[in-house]
Amino acid sequence: MRFAIFASGSGSNAARILQAVQSGDLEGVPQFVFSDRKDAGVLFKVEQYNVTAYQFSPKEYESKEEYEEALLKLLKEHRVEWVVLAGYMRLIGDVLLRHYEGRMVNIHPSLLPSYPGLDAIGQAIDDGATKSGVTIHYVDRGMDTGPIIAQQSLSIERGETKEQLTTRIQQLEHQLYPKTLQRVFKEGEAYQ
Ligand code: GAR
């Protein structure tokens, strides 16, 4: 499967996915990494994987539609079949959904539907939750709301800080995302 990664942050998931491709654990062909943020760590982190990186921001466009049209053009040029969101912190609009709904997946650091949106780990800690985890889901119009593909939970330890929980959740993400993508791509192939 030809896929692209969208990311806004440090890029640890993006790097892990590209590593899984290199090691043969994930059978997919990364076409490019895109970031909407110029200062995003992901742009540096993926340099070593020999994959094209693009960066532009919605601020450079008149509207969200125009921004997404620019993304869609890239996706079409690279004949991308699947879009993998890895810490891409924007709602996906109609332009991209029209073409990629059902072929776009996201990872979120909570057991959805609990704690959608920003700072899910902080939300869980502040709420005194005893359980959290990771969810991988198809993307729809909502914020972290699409059909769930995989979830893995962990217990939040008494007195655990946000930083400690973030480390454990990210370890879980790094295992679960490549493994789940491998399954999703294989299932996608079977339907082609
Ligand atoms: C990940 O924890 C991911 O689950 C989260 O952003 C982080 C990105 O980390 N995504 C969301 O919260 C989506 N709503 P990374 O840049 O190190 O991969």
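For clarity, every value in this text was computed on a predicted model and none was experimentally measured. These numbers come from the heavy atoms of this one structure, side chains and all, not from hydrogens, waters or symmetry mates. Read the numbers this way: they start at 1 and go in the same order the structure lists the ligands and their atoms.
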| message | If we set the cut-off at 4.0 Å for heavy atoms, which region of Leu118 has an atom near ligand 1: side chain, backbone, both, or neither? | response |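 No part of Leu118 comes within reach of ligand 1.
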Where the side chain of [X] meets the backbone of [Y], is there a donor-acceptor pair that is under 3.5 Å apart?
X	Y	answer
His108	Tyr115	yes
Arg103	Val83	no
Glu101	His99	no

| query | Do Ile5 and Tyr88 have side-chain heavy atoms sitting under 4.5 Å apart? | reply |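 No. Closest side-chain heavy atoms not under 4.5 Å.
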How far is [atom] from its nearest protein heavy atom, and which residue and atom is that?
atom	answer
atom 13 (C) of ligand 1	His108 ND1, 3.5 Å
atom 9 (O) of ligand 1	Gln170 NE2, 3.3 Å
atom 5 (C) of ligand 1	Pro109 CD, 3.7 Å
atom 2 (O) of ligand 1	Glu173 OE1, 2.9 Å

| message | Within the supplied structure, the quantity of interest is the number of heavy atoms (other residues, nucleotides, ligands) at a distance under 6.0 Å from Asp39 CG; does it exceed 12? | response |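 Count over threshold, so yes.
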| Should the heavy atoms of other residues, nucleotides or ligands under 6.0 Å from CZ of Phe44 be counted, would the total exceed 12? |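 12 or below, so no.
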| query | Evaluating non-hydrogen atoms only, which member of Gly87, Ser12, Ala120 is closest to atom 15 (P) of ligand 1? | reply |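 Considering heavy atoms of Gly87, Ser12, Ala120, the nearest to atom 15 (P) of ligand 1 sits in Ser12.
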Check whether any heavy atom of [X] sits under 4.0 Å from an atom of ligand 1.
X	value
Ser10	yes
Ile107	yes
Arg16	no

| Less than 4.0 Å between a side-chain N and a carboxylate O, is that true for Glu173 and Arg16? |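 Not counted as a salt bridge, because no side-chain N and carboxylate O are separated by less than 4.0 Å.
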| said: Any carboxylate oxygen within less than 4.0 angstrom of a Lys/Arg side-chain nitrogen, looking at Asp119 and Lys162? | reply: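 Between Lys162 and Asp119 there is a salt bridge, with a charged N closer than 4.0 Å to a carboxylate O.
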| request: Could you list the atoms of ligand 1 found under 4.0 angstrom from a heavy atom of Met89? | output: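 It comes down to these atoms of ligand 1: 11 (C), 12 (O), 13 (C).
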| query | Considering distance alone, does some N or O of Gly11 sit under 3.5 Å from an N or O of ligand 1? | reply |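 Yes; the residue has a nitrogen or oxygen that sits under 3.5 Å from a nitrogen or oxygen of the ligand.
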